[in-house]
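I have placed the structure first, in the form of structure tokens, so that the comments after it can refer back to it.
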Amino acid sequence: MKRFTILLTLLSVAITAAAGERVPFRHLFNDGWFFTVEQDSPLDGRSISAEGIPNGWQSVDLPHTPRLEPVPANDQWQGICFYAKRFEAPKTDPEALLSLTFEGAMNEADVWLNGQHIASHLGGYLPFTADLTDALYPDKENLLVVRLDNRDNPVTGPKPLKRLDFNTYGGLYRNVWLTGKALVHLSDPVAANRIAGGGIFVRTEEVSDTSALVRVKSHIRNLSETGECLTIVHRITGNGLDRARFGDTVQVPGGGDAETEQTFRIPNPALWSPETPALYTLETELYIGKRSIDREQTRFGIQKIVITPEGLRLNGKARFLRGVNRHQEYPYIGYALSDNAQRRDAWKIKQAGFDYVRTSHYPSSPAFLDACDEYGIFVLEPILGWQYFGDERFTEHALHSSREMIRRDRNHPCILAWELSINEIRMPEEFIDRAVAIGHEEYPGQTYIAGWMKYGYDIYIEARQHRKEALYSKPLIVSEYGDWEYFAMNAGFEQERWSDMLPEERSSRQARGSGEVRLLQQATNVQEAHNDNLSTHAFADGYWAMFDYSRGLLPDLELSGASDVFRLPKYAAYGNPASVAEYAYSVTAKRWNSPSTAVPSAVGPLIRIQ
């Protein structure tokens, strides 16, 4: 009888495998879409589902932008557009839960499946999940429709595009994933909407050269009618650790959920740093009896970050982080970069000698953060915001976005701090108090919340052009330097009201074809401003910016990038800034027909990097 039961089990597994893919699975859903821009007659997902995809829609793959833009993108497209995709339900377990995760959809999204509205989301930089299960046709073709509106939005901000110093673009510009799960499964960290929970949350504590404690918190959902006793097993590999195994049992009620937490001590850990970005892989698997029902992989790093007014100590050693700011736009395609292009941006930042980047002024792509983990680039990650603070709806959206950003990115060792701040606008103290509390609530323990106002935040971030007096009672990051102080003296708070313009040849805003003298002037500006930052108690600074970029308020490129918008380097992008600046200093001194001791202050004397 026992042998007969085993044969039946094997036969069942074989039939299931032949019929289709077993859960869990996660596949890219980027190919085979259709696209149109809404013209005169309004469209909606129900009418498209009923009538089918009209003739004339473009065939596209993702990531996608609504319109190929010129360089510079001086009149960026804004409006309503639609995406649609025909697909057959994957052949899998009849009880499988199927969902789509949109990494980025700009900016207001509605999703229909077979005429049924299944999801809405507001905000273009963070992910959302659409559950397909109830509206899915299992045995015939399905039609998915997505409506996007990227017009100016007072709830999400930032301020209107025509007054904005960068562009926000549109479309399904990041990946879409199709996921299949069993009724009992590890949840999605954003969709679960749990404080300091959802999915897998890895933290490291008691870190030293000889030992580190890894704390793993897991959230499990049970959508079946009956309770289950599960076994959760974690395995860690990497850096000489060969599948270290630990776990526990957990009871999950029918129609409910449960959290469980386990710890494991790693002897002689490989510590993550910009010079040695050591990564470990955590594999988490759920079992009912001996049957595996779900599994996830999570990369993490082990490090100890301590930030005080005296500076930064990483793994017990004091250090200064030299960094840069980055806008994610790319020529012609706006935000619709491939994962490889995101990775290349991180590589170019690292090759330029930077070990820190601020992803101004919004959350970055998961692919970019993955690359920063691997290359050893610290990230200051902000929520969306620039020179605009709206009403109560804006406040609540910004605070909820703070939670979602932390939940999405908390396992990345590259995250230095969370910038839960609306850049360059005065924020109410109540908002700051709530933002800082959210940051520490979502990531208990070793975490830091940064903001550009002196009140409330763990880390004060201040642009060099705004500097009036040092705030020695708080840790300091020079968030931006090297651009505005060499371009205009009005500090950049209201850029449409420019005044006090400095001579063009002294500016850091130089096209790659500006010629040797001006490109060397830019490199000199970078060096001079960086050296001045070293005279403060700042533990990091970020040049503005890594790449040239388009902006809504003017028809030209912002040219202060160390590389141009095509990612081709200017002199300021090379990895030995001291030698570049020394050469730049000698050339600009001759240009001004003055001895080196009398170079004008906009050029400044060279002080070698400390």
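Positions are given from 1 along the sequence.
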Using a cut-off of 6.0 Å, state whether more than 12 heavy atoms not belonging to [X] lie near its atom [atom1].
| X | atom1 | value |
| --- | --- | --- |
| Trp347 | CH2 | no |
| Glu225 | CD | no |
| Arg203 | CZ | yes |
| Glu88 | CD | no |
| Lys304 | NZ | no |
| Asp242 | CG | no |
| Glu392 | CD | no |

Strictly below 4.0 Å, N to O, side chains only: are [X] and [Y] in salt-bridge contact?
| X | Y | result |
| --- | --- | --- |
| Asp355 | Lys350 | no |
| Arg194 | Asp257 | yes |
| Glu206 | Arg265 | yes |
| Glu108 | Arg147 | no |
| Glu285 | Arg235 | yes |
| Arg434 | Glu441 | no |
| Glu95 | Lys181 | no |
| Arg358 | Glu419 | yes |

To the nearest 0.5 Å, what is the distance between [atom1] on [X] and [atom2] on [Y]?
| X | Y | atom1 | atom2 | value |
| --- | --- | --- | --- | --- |
| Leu230 | Ile232 | CG | CD1 | 8.5 Å |
| Leu122 | Ser401 | CG | OG | 8.0 Å |
| Asp139 | Tyr137 | CG | OH | 12.0 Å |
| Leu62 | Asp31 | CG | CG | 8.0 Å |
| Leu100 | Leu113 | CG | CG | 8.0 Å |
| Asp339 | Gln342 | CG | CD | 7.0 Å |

If you measure only the distance, is there a donor-acceptor pair under 3.5 Å linking the side chains of [X] and [Y]?
| X | Y | result |
| --- | --- | --- |
| Ser338 | Asn340 | no |
| Asp373 | His412 | yes |
| Tyr448 | His440 | no |
| Tyr335 | Glu329 | no |
| Glu404 | His400 | yes |
| Asn107 | Thr156 | yes |
| Ser120 | Asp110 | yes |
| Glu283 | His234 | no |

_Whether Trp33 and Tyr83 hold their rings parallel, tilted or perpendicular, with breakpoints at 30° and 60°_ = perpendicular
_Angle between ring planes, Tyr125 versus Tyr173, binned at 30° and 60°: parallel, tilted or perpendicular?_
perpendicular
Cation over ring face, [X] and [Y], 6.0 Å, 45°:
| X | Y | result |
| --- | --- | --- |
| Arg215 | Phe264 | no |
| Arg410 | Phe201 | yes |
| Lys85 | Phe87 | no |
| Arg407 | Tyr443 | no |

*What do the steps show when you test His397 against Leu399 for side-chain contact (heavy atoms from CB on, under 4.5 Å), and what is the final call?*
CA-CA 5 Å; His397 183 269; Leu399 294 172; over 6 Å; no
_Close side-chain approach of Pro127 to Phe102, heavy-atom, < 4.5 Å_ = no
_A side-chain contact here means heavy atoms from C-beta on lying under 4.5 Å apart; do Thr179 and Leu98 qualify?_
no
*Checking side-chain hydrogen bond (donor to acceptor under 3.5 Å, both in side chains) for the pair Trp418/Thr447: CA distance, chi angles, key distance, verdict?*
CA-CA 8 Å; Trp418 312 101; Thr447 196; 3.1 Å; yes
If we ignore hydrogens and angles and just use 3.5 Å, is the side chain of [X] paired with the main-chain N or O of [Y] as donor and acceptor?
| X | Y | result |
| --- | --- | --- |
| Tyr356 | Leu416 | no |
| Asn30 | Val176 | yes |
| Thr281 | Thr237 | no |
| His327 | Ser360 | yes |
| Asp149 | Ala109 | no |
| Asn114 | Leu143 | yes |
| Ser211 | Val207 | no |
| Thr92 | Glu21 | yes |
| Asn222 | Pro253 | yes |
| Thr101 | Trp177 | no |

*asked:* Quick one, Cys81 with Thr36, criterion side-chain contact (heavy atoms from CB on, under 4.5 Å). Give me CA distance, side-chain angles, the key distance, then yes/no.
replied: CA-CA 6 Å; Cys81 64; Thr36 193; over 6 Å; no
How close do [X] and [Y] get, counting heavy atoms only, and between which atoms?
| X | Y | result |
| --- | --- | --- |
| Ala196 | Lys217 | O-NZ, 3.0 Å |
| Ala258 | Val250 | CB-CG2, 4.0 Å |
| Ile438 | Ser402 | CG2-CB, 4.2 Å |
| Leu136 | Pro138 | O-CD, 3.4 Å |
| Ala192 | Ser187 | CB-OG, 3.6 Å |
| Ala135 | Gln116 | CB-OE1, 3.6 Å |

*Do His27 and Phe25 make the cut of ring centroids closer than 6.0 angstrom?*
yes
Side chains of residues 375-385: which donor-acceptor pairs under 3.5 Å do they make with residues two or more places apart or in other chains?
{"from": "Glu381", "atom 1": "OE2", "to": "Ser364", "atom 2": "N", "distance (Å)": "3.3"}
{"from": "Glu381", "atom 1": "OE2", "to": "Arg408", "atom 2": "NH2", "distance (Å)": "3.2"}

_Residues Asn268, Asp209; criterion side-chain hydrogen bond (donor to acceptor under 3.5 Å, both in side chains); working and verdict_ = CA-CA 6 Å; Asn268 305 313; Asp209 292 335; over 6 Å; no
